[in-house]
Amino acid sequence: MTKRWIKKSTTHDLVRADYDPQTRRAGLVFAWILILILLASIGLGAAYVIRYSTTAQTNRQLSTLQEENKRLQEALIQSTAKIQQDEAAREELERQLSESSANIQKMRDELTFYHQQTRR
């Protein structure tokens with residue numbers, strides 16, 4: 001029988017796998033980094049959606065208010081024109097009233113004069 005010069009290897013020697021806590025920690029840190037990136041992405045996406053929907057709602061309100069403002073400005077212009085027309089009509093009526101009053105007074109004076117002339 002021949003003598004073995006080669007030592008029988010154990011599984012540990014064959015695998016040469018020692019427990020290395022650094023390797024496990026590195027994987028754990030990498031997993032946490034991925035989770036944080038994922039959460040940050042979700043948060044940013046939610047913030048964008050909220051801001052976009054708020055912006056869209058604000059734009060709709062703004063356009064509604066602009067339309068109402070335009071309608072009110074048109075109504076104001078029409079009301080101002082109506083007031084100016086009414087003021088012009090009032091001034092014309094006052095002028096006609098003054099003329100009529102003057103004519104009436106003139107006719108009264110003439111009528112009084114005529115009565116005085118016919119009584120003598």
Side-chain contact test, heavy atoms from C-beta onward, threshold under 4.5 Å: evaluate it for [X] versus [Y] and give yes or no.
X	Y	result
Glu68	Arg71	yes
Asp86	Arg90	no
Leu76	Thr80	yes

How far does [atom1] of [X] sit from [atom2] of [Y], to the nearest 0.5 angstrom?
X	Y	atom1	atom2	result
Phe113	Gln116	CZ	CD	7.5 Å
Ile33	Leu38	CD1	CG	13.5 Å
Glu91	Glu94	CD	CD	7.0 Å
Ser101	Lys106	OG	NZ	14.5 Å
Glu87	Glu92	CD	CD	12.5 Å
Glu67	Leu72	CD	CG	12.0 Å

Hey, are Gln78 and Glu74 close enough side-chain-wise for a donor-acceptor pair under 3.5 Å?
no

same_hphob_cluster(Ile37, Val29) at 4.5 Å side-chain heavy-atom cutoff:
yes

Evaluate whether atom CZ of Arg95 has more than 12 neighbouring non-hydrogen atoms of other residues, nucleotides or ligands under 6.0 angstrom away.
yes

